[in-house]
Amino acid sequence: MSRSEELNQQMDINGIEKEKVLMVGAGGIGCELLKTLVLTGFQHIHLIDMDTIEVSNLNRQFLFRKSHVGQSKAKVAREAVLKFRPGVEIVAHHANVKNQEFDIDFFKQFSVVLNGLDNLEARRHVNRMCLAAGVPLVESGTTGYLGQVTVHIKGQTECYECQPKPAPKSYPVCTITSTPSKLIHCIVWAKELALAKLFGDKGQVSDLDVRPTSNEDGAVSNDPDEAQFFEVRSGENSKAYAERVFDRIFGQNIVTALQNEDTWKARRRPDPLFLEKVLTEDDVVTTNGVCSSEGTISASASLGLKNPQETWSVKDNARVFLESVQLFLDKRSKDVGKLVFDKDDQLAVEFVTAAANLRAHSFGIPMQSLFEAKGMAGNIIHAIATTNAIIAGLIVLEALKILSNKTKECRMTYCVEHPSGKMLLMPVEMAEPNPRCYVCSETPLVLELNTATATMREVLEKVVKRKLGVTDPVIMQGSNLLHESGEDIEEDMVAYYTALLDKKFVDYPTPITTGVVLTVEDYHQDFRCSLHVKHRETFDEEKEPEGMVITGDLASLNNTDASAQPSTAAPSKIQNGHAEEEEDDDVVMVEPVPKAATAGTKRKLEEEDTQPTEKRLRVTESVPIEV
Amino acid sequence: MDPSTELLTEQEAAVYDRQIRVWGVDAQRKLSKARVLVVGMSGVVAETCKNIVLAGIGSLTLVDDSPVTDEASAANFLVQFDDSEGQGITLAEVCAASLRDYNPMVQVKAEAGSIQSKPDSFFGNFDAIILGRSSVSLKKHVNELCRKQTHRIAFYTVDVRGTCGSLFVDLRTHSYTSKRAKDDKDVQLELSYPSFEESLGVRWSSMPKRTSKLLFALRCLEDFEETEGRQPGHVSSQDLPALLAFWKKACEAQTVAESLVPEALLQKLLRAGSTELPPVCAILGGIVGQELIKAMSCKGEPLSNYFFFDAGDGKGIIEKVAPNT
C-alpha cells in the first residue's frame, strides 16, 4: 500500500512488518494497543494475558462483547483483530507473564516489549526480564483522565524500578481492630477480618481476631471459645447464626472494647449495636424470594434495594448483613471456608458494605453506598476508553522511535486532566539510569541449575560466596528474605533460615524456578546483584562439575577479593535499623492505587540509601488491580 | 420520571461501572441522551466513534456515502475484512454495523446522502456534530448552521494529516461543573466560544509568539486546497513550490514573517497527503471522544478552542484563538 509506505518514510520506519513485538496485557490499554499496532503495520505480535473477560471491561475493552464474558482476553482480542487484519500473525498466550515458559530466551526474540499491565508486581517482573534480555520496554498506565507512557532502555534510560514506587497503603492494626476513624478502616475490617473469619479459610486467617481491642494492658482476656464461636452450631439455622454473629461483632465486642477506658479518653466512644435495638418487631425482615438477578446471588436483590448509589439506612444495612450471611450459608455453602474477597463477587461486596457501614455507624463515621464501598474495597481503578486509546497511541509512537533507532528521541509522556499552561500531552526527556538502582545498576546474572535438586546451601557455597565473592550474603526473592547472615538476627528468623537451607528450590513457599530473580546483597561490600534463575536438567560432569552455571558480565561486578574483607565484622547499622523497625510492623495491607503522575511532578533521585531491605521487609506484594 | 432519580438499568450500571467512577451517574445519564452526528468516516473519526459509543451516548448518526475501499479502511478498524467485498454498501453502513456490535445500548444509524444535500432542519436533530476532514467552506457552513439552532449544538472538526492532528471546538456558551483545584469542590462555570469563522478572522500577527506552528501551516494548506479546487488531502510533494508561493502571500497579508513556519513542516504535510498515521488517529480520537463526553455531560473543563498534536515532537497543545472583544 502506497499510503503506509509514505507514512513509514515519514516516520523513518523501515520494515516494521518484520519486527516481532511482545505485548503484555490485553485489557484496557492492551485492546487499544493491539488495534493500533496492526493498523500501523506490525505483523508479528505475541500477546500475554492471564485474565478472562468481565462485564465491567466492556465499556472500554472494545474487542470484547458480552458473549465473551469468562473467556481468555488474549485469545478473544486476537480473534477480534484478525477480523479487520486477517494476515497478521498474533500469538495469544492465556498465561501469567511470570510463568517459566517466558524466560530470558523468550524475551530475547522481540525487538521491543510493550506493557499494558494492571499491577506493580508484573510490571517489576517484566522490567527485570527486559533488562536481563536487553530488550527495550515501553511501560504505561492510566487512571481516569490521567495517563503516562515511559521508555526503558538498558544503560540509556532509567529502568522501571529506578524510581521508588509509592508504597502500598497500610493501616496500623489497632486502627482497624479498635479505633477506626474513616470508612476505609471499617471496609478493611469487614473485608480482611469479618469476611475472612466467617467464610474464609480458618487456617489462613491472620492472628488478628475479630476483636475490638488490643491486649496491650491485659484488660481484655483471650476468649477461649473465640475460634469456635464463628462455627455454625449443630441444629442452628442460618438465620440464628447470622443474628448471633451480628450481636457479637457489632454489639458485644464493642461493649467489651468500651471497658478499656484508656482507649476512649481522647476519642468518641462507639455505640454498641444489638439486633433487637436496630430492628424492632415491626421491621421483620421480609425478602421477596428473588435472591438472584441474572444468576448472581444478591442480598440487595432479595431485599428489593435497587439503587447501588443510595446509602442504605442502618436498618437496611442490618438487613443486608443478615441476608448476605444467610445466603452464603444456604446458597453458597461450597465457598464457605475458602472464600477470598473479590470485587466482582456481588454477595461478598454486599456483606462487606453492610458490615463496614454498621461498624462505621457505631463509631460515628458516615456510611456509604454499595457503589462507593465496592470501589474502596476492590481498589477499583477509574477507567475510561479515551485515555487508554491516547496512551496506546503514544506507546506505538515510542515503539516506532525505538525500532527506527531514534532512541535519543524517546520521551516519557504525561496525559493530564488539567493542563498547566497549554500542554495536554506533555513529553519529558527520560532520565538516565539511577546508578544506585539495585535492579539495573549491575549487569544481571543468569544462574542455571536444576531447581528440583538445588538448595540454598549449595548456591551460597558454590556461587554466592565462591563466584561472587560475597561474605555475608542476604538473599531475597522479591520482598521475601530467604537468607541472612550476621550476628544480630532474631532467633525466630535464624530458625526460619536454617529450615530453608536444605530445602529443594522447587519446594520453597514460593518455588524458585525459571524466571525467579534472586537478589543477593552484602552490606559490608555495599554490593548487590540479581540472579535470574533458569532451570536446567543436566550438566556436563567434567566442564560443569558444580552442577550450576553462572553467566553474565562478572568482570563488571564491584566485588573485591573476598579474602580482603574482615571475616567477622560488626553488624551494620542497617541491620540494627530493621531489627527495630520490625517490632511494630504488623500492618494490614491493602493494594496500592497507582498514582498517575501529574504535570510538574518533581523527578529526583532518592539520595538516601532507601532501597535495599528495610522498607520492603515483610511487605506483601499487591494483588492485581483493575486498569 | 424526575431525571435526577431515574435509575440506570442493571445492564448500564454493570457495563459502565468503571467510567461512572470517573464522571458520576448524573453525567452518565446526560450522556445517554446525547444525539451525535458524524460526517466522514476517516481513521480518526472511526476512533472517535468507538470511544463515544463505548461510553454510552444516546444515538449516533453516520454520514459517509463513499464506497468501502482499501484506502478507506487503512486506518479504519470499523471496516472488517469481508466488508470490502460488499457491493453498493457505503462506508457509513459498514461502520455503523461494527459500532452497534460494540455497544447494543446505543442507537447507531447510517444516513444516506451527502452532508451538503441535507436541509438546514436536519442539523437541528442533534446535540453534537463531528466533522471529519472537510473543506474550510464546509466547516464554516456547518458551524453556522449549528449556531442558528435554538438549542446548543456542540461542534467539532477533526483531521489527521500524516503525523499531525488538529481539532477545533465550538460549544457556543457552555455551562459545566468542575472540581476546583484548591478544595476539590464542585463549582459551576461557564465558557464562551467564538465561531469557526470568528477564529479564522483573528490576525496571525496578534497571536502569541509561541503559538503552535501547526495552526498556521494547516490553515495555509487548507486555504491552498480550497483555492486550487482540490479535495482536502489531495496534495503531494509536487505542490511544494505552489504552496510556498501561497504561504508567502498569506504571510504578507497577515503581516508576519515567512519564517513563522519552517518549510520542512509544510513539506511534511504535503507528503502526508490524505494519509493518517494510526497512532495519531488514536490520540486525536481519544481527545475528541473525551471532549464530547465532557460537553454532553456538562462535567469537567472542556478544551477551548483548538488542539494540535505532532508525533514529531510528541507535544499535544491547546490554543485559544478568539477575537478580542
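Only a predicted model underlies this, so the values are computations on that prediction, with no experimental measurement involved. By convention in this document, chain letters (A, B, ...) are assigned in the order of the sequence lines, proteins followed by strands, and residues within each chain are numbered from 1.
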Query raised in the report: Distance from Ile318(B) atom CD1 to Leu424(A) atom CG, nearest 0.5 Å?
Result: 4.5 Å

Query raised in the report: For chain B, which of Arg411(A), Lys374(A), Glu398(A) has the most heavy-atom pairs under 4.5 Å?
Result: Lys374(A)

Query raised in the report: Among Ile20(B), Asp313(B), Val288(B), Val280(B), which has the most heavy-atom pairs under 4.5 Å with chain A?
Result: Ile20(B)

Query raised in the report: Has the side chain of Arg18(B) got a donor or acceptor atom that lies under 3.5 Å from a matching backbone atom of Gly144(A)?
Result: no

Query raised in the report: So which heavy atom on Ala385(A) is nearest to which on Asn51(B), and how close?
Result: CB-OD1, 4.1 Å

Query - Partners passing salt bridge (Lys or Arg N to Asp or Glu O under 4.0 Å) against Lys83(A) (at least two apart in sequence or in another chain) - result: none

Query raised in the report: What residue in Lys306(A), Glu372(A), Glu32(A) has the most heavy-atom pairs under 4.5 Å with chain B?
Result: Glu32(A)

Query - Value rounded to 0.5 Å, distance of CG in Asp101(B) from CZ in Arg65(A) - result: 4.5 Å

**Report entry** Verdict with supporting geometry, Lys179(B) and Glu417(A), salt bridge (charged side-chain N to carboxylate O under 4.0 Å, His left out)
**Finding:** CA-CA 11 Å; Lys179(B) 287 229 184 297; Glu417(A) 185 175 5; over 6 Å; no

**Report entry** Charged tip of Lys294(B) within 45° of Tyr145(A) ring normal and under 6.0 Å
**Finding:** yes

Query raised in the report: So which of Leu58(A), Leu33(A), Leu394(A) has the largest heavy-atom pair count under 4.5 angstrom toward chain B?
Result: Leu394(A)

Query raised in the report: Where on Lys50(B) is there a heavy atom nearer than 4.5 Å to chain A: the side chain, the backbone, both, or neither?
Result: side chain

Query raised in the report: Which distance, rounded to the nearest 0.5 Å, do you find between the CG of Leu54(B) and the CZ of Arg60(A)?
Result: 10.0 Å

Query raised in the report: How long is the span from the CD atom in Gln19(B) to the CD1 atom in Ile384(A), to the nearest 0.5 Å?
Result: 8.0 Å

Query raised in the report: What part of Ile52(B) is in contact with chain A, defined as an atom under 4.5 angstrom from a non-hydrogen atom: side chain, backbone, both or neither?
Result: neither

Report task. Can you tell which part of Glu310(A) gets under 4.5 Å to a heavy atom of chain B, answering side chain, backbone, both or neither? Result -> neither

Report summary line: If you tally heavy-atom pairs under 4.5 Å between each of Ile390(A), Thr36(A), Val38(A) and chain B, the highest tally belongs to Ile390(A)

Query raised in the report: Between Gly375(A), Gly41(A), Ala392(A), which shows the greatest number of heavy-atom pairs under 4.5 Å with chain B?
Result: Gly375(A)

Query raised in the report: Relative to Phe371(A), does Arg21(B) satisfy both conditions: NZ or CZ under 6.0 angstrom from the six-membered ring centre, and within 45 degrees of the ring's axis?
Result: yes

Query raised in the report: For the residue pair Pro278(B) and Thr40(A), what are the closest heavy atoms and their distance?
Result: CB-OG1, 3.7 Å

Query raised in the report: What residues form a salt bridge (Lys or Arg N to Asp or Glu O under 4.0 Å) with Asp184(B), not counting sequence neighbours?
Result: none

Query raised in the report: Quick one: which of Leu397(A), Thr413(A), Val396(A), Ile391(A) gives a side-chain contact (heavy atoms from CB on, under 4.5 Å) with Ile283(B)?
Result: Leu397(A)

Query raised in the report: Under 30°, 30 to 60°, or over 60°: which ring-plane class applies to Phe62(A) and Tyr102(B), parallel, tilted or perpendicular?
Result: perpendicular

Report summary line: On a heavy-atom basis, the closest approach of Arg85(A) and Ala74(B) is NH2-O, 2.9 Å

Query - Derivation and outcome, side-chain contact (heavy atoms from CB on, under 4.5 Å), residues Met426(A) and Lys315(B) - result: CA-CA 6 Å; Met426(A) 192 172 60; Lys315(B) 287 178 187 166; over 6 Å; no

Requested in this report: Please report the shortest heavy-atom distance between Gly393(A) and Ala282(B), naming the atom on each side.
Outcome: CA-CB, 4.2 Å

Report task. Identify which part of Asp17(B) has an atom lying under 4.5 Å from any heavy atom of chain A, answering side chain, backbone, both or neither. Result -> both

Query - Contacting moiety of Gln290(B), where chain A heavy atoms sit under 4.5 Å - result: both

